[in-house]
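All of these numbers come straight from a predicted model, not from anything done at the bench.
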Amino acid sequence: MEKKWDPAGYQSRHSYVWEHGESLIELLAPQPGERILDVGCGSGQLTARIAATGAVVIGLDRSAEMLAEARKNFPSVEFRLADAANFEIEEPVDAVFSNAALHWMKDAAGVAASIARALKPGGRFVAELGGKGNIAAVVEAAQHVTGKTDTPWYYPAVGEYASLLEQHGFEVRLATLFDRPTRVEGEDGMEHWLTTFGDVLLSGMDDAGRREARRAIAAKLRPKMYRDGGWIIDYRRLRVRAVLLTRPSA
């Protein structure tokens, strides 16, 4: 099932996605004049932050809806529609950046290969994605309610992802998995989160069935996740920094 994004809902209720990515830009350390790709750029907030450093940035995303929002928000930045698992860039870049996007791409080998092709030798890859155990409680509750066992995400362990990058010519300089409990405000915060990010767990249901399932999942999670007017979601993140040693042959 192809994920459809609601840019307005994403920006109004889930700004923490790019706010947490600010420190990832520090790890990227963009320099004026560098050419950088932002893979899975979404509505473009971090792409624009990188551009503000003087780097020349191109944002890539598979969602036409999110790209339309990004172009509206940041008309001076270049955004392109692209599949991260199979894209080409006309000239190799100095760095590839990605925040909170790669876990949506189950063809992780295709993504790694595309990123390696896009980089200059010695170019750097800096990314953060959902790691092993991410939203485990949410997934368990959803599976209990729906009976479905498939999930749409790729949440690798440190060793798994480092090994994948090494197979594509990278030397991994940093790889760390950490908990990031993330607060979503509002009584309806969990249901809104499920609408924005977890609706793919409810595929095959009509609108009424989805609403009922979201309410049931929220009710199951409420005792452990709801407090003081908001929900604490059990995010776990994998952060990596790698350098491309060998470009793949064409």
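At distances below 3.5 Å, at least one donor-acceptor pair connects side-chain atoms of Lys148 with backbone N or O atoms of Ser203. Side chain of Ser114 to backbone of Gly110: a donor-acceptor contact under 3.5 angstrom is found. Between the Asp234 side chain and the Ala137 main chain, a donor and an acceptor come within less than 3.5 Å of each other. Although no hydrogens or angles enter the test, the distance criterion places no donor-acceptor pair under 3.5 Å between the side chain of Asp61 and the main chain of Leu67. Judged by distance alone, with hydrogens and angles left aside, the side-chain atoms of Ser63 form a donor-acceptor pair with the main-chain N or O of Met66 at under 3.5 Å. For the pair Arg210 (side chain) and Asp199 (backbone), a donor-acceptor distance under 3.5 Å is present. Without hydrogens or angle criteria, Gln143 side chain to Thr149 main chain gives a donor-acceptor distance under 3.5 Å. Looking only at distances, no side-chain donor or acceptor of Arg241 sits under 3.5 Å from a matching main-chain atom of Arg173.
Salt-bridge formation is not detected for the pair Glu69/Arg71: no Lys NZ or Arg NE/NH1/NH2 atom is positioned less than 4.0 Å from an Asp or Glu carboxylate oxygen. A salt bridge is absent between Glu91 and Lys120: the closest approach of a Lys/Arg side-chain nitrogen to an acidic carboxylate oxygen does not fall below 4.0 angstrom. The pair Arg35-Asp94 does not count as a salt bridge, with every side-chain nitrogen at least 4.0 angstrom from each carboxylate oxygen. Under 4.0 Å is where a charged nitrogen must lie from a carboxylate oxygen, and between Glu26 and Arg239 no such pair does. Residues Glu171 and Arg124 are not paired through a salt bridge, judged by the lack of any N-O separation under 4.0 Å between the basic side chain and the carboxylate. A salt bridge between Arg214 and Glu191 is absent, with no side-chain N of the basic residue lying under 4.0 Å from a carboxylate O of the acidic one. A salt bridge links Arg222 with Glu187: at least one charged nitrogen is closer than 4.0 Å to a carboxylate oxygen.
Residues Cys41 and Thr47 come closest through the heavy atom pair CB-OG1, 3.4 Å. The nearest pair of heavy atoms linking His168 to Ala116 is O-CB, 3.6 Å. Among all heavy-atom pairs drawn from Lys132 and Arg236, the shortest one is O-NH1, 2.8 Å. In plain terms, the two heavy atoms of Ala82 and Phe87 that are nearest each other are CB-CB, 4.2 Å. The shortest heavy-atom contact between Tyr161 and Leu129 is CE2-CD2, 4.2 Å. Taking every heavy atom of both residues into account, Ala213 and Leu202 meet most closely at CB-CD2, 4.0 Å.
Paired with Phe125 under the rule side chain to side chain contact (heavy atoms under 4.5 Å, CB included), one option of Val39, Leu244, Ile115 passes, and it is Ile115.
Ring centroid separation for the pair Trp231 and Trp193 does not come in under the 6.0 Å cut-off. A ring-centre distance under 6.0 Å is found for His103 and Tyr155.
Hydrophobic cluster membership differs between Phe97 and Val77, with clusters built from Ile, Leu, Val, Met, Phe, Trp and Tyr side chains linked at under 4.5 angstrom. Cluster membership for Leu238 and Phe178, using ILVMFWY side-chain heavy atoms within less than 4.5 angstrom, is not shared. The hydrophobic clustering, which links ILVMFWY residues whose side-chain heavy atoms are closer than 4.5 Å, places Ile232 and Leu221 apart. Leu201 is connected to Ile217 through a chain of hydrophobic side-chain contacts under 4.5 Å among Ile, Leu, Val, Met, Phe, Trp and Tyr, so both are in one cluster. Following chains of ILVMFWY side-chain contacts shorter than 4.5 Å, one cannot reach Phe74 starting from Leu28, and the two form parts of different hydrophobic clusters.
Using bins of under 30°, 30° to 60° and over 60° for the plane-to-plane angle, the ring pair Trp153/Trp104 lands in the perpendicular bin.
The CZ atom of Arg49 lies 11.0 Å from the CG atom of Asn99; values are rounded to the nearest 0.5 Å. Of the inter-residue distances, the one linking Glu78 atom CD with Ile58 atom CD1 reads 4.5 Å to the nearest 0.5 angstrom.
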Arg80 vs Ile89, side-chain contact (heavy atoms from CB on, under 4.5 Å): CA-CA, chis, key distance, verdict: CA-CA 11 Å; Arg80 299 183 188 179; Ile89 197 77; 3.4 Å; yes
Between Ile25 and Ile50, is the side-chain contact (heavy atoms from CB on, under 4.5 Å) condition met? List the steps. CA-CA 7 Å; Ile25 295 177; Ile50 297 169; 4.0 Å; yes
Verify side-chain contact (heavy atoms from CB on, under 4.5 Å) between Val240 and Val126, making sure each step is shown before the conclusion. CA-CA 6 Å; Val240 299; Val126 174; over 6 Å; no
Given the rule in the side-chain contact (heavy atoms from CB on, under 4.5 Å) test, do Ile233 and Val138 qualify, once you have shown the distances and angles that lead to the verdict? CA-CA 8 Å; Ile233 301 179; Val138 176; 4.2 Å; yes
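Within a 6.0 Å radius of CD in Glu160, more than 12 heavy atoms belonging to other residues, nucleotides or ligands are found. Annotation: Gln167, atom CD; neighbour count of heavy atoms from other residues, nucleotides and ligands within 6.0 Å is above 12. The environment of NZ in Lys106 is crowded: more than 12 heavy-atom neighbours from other residues, nucleotides or ligands sit within 6.0 Å.
Two residues are said to be in side-chain contact when any heavy atoms from C-beta on lie closer than 4.5 Å; Asp206 and Glu212 fail this criterion. Within the 4.5 Å cutoff, the side chain of Pro30 has heavy atoms near those of the Thr53 side chain. Between Asp38 and Leu60, every side-chain heavy-atom pair lies at or beyond the 4.5 Å cut-off. Contact annotation: the side chain of Leu177 never approaches that of Arg237 to less than 4.5 Å [non-hydrogen atoms, C-beta and beyond].
Donor-acceptor pairing under 3.5 Å is recorded for the side chains of Ser43 and Gln45.
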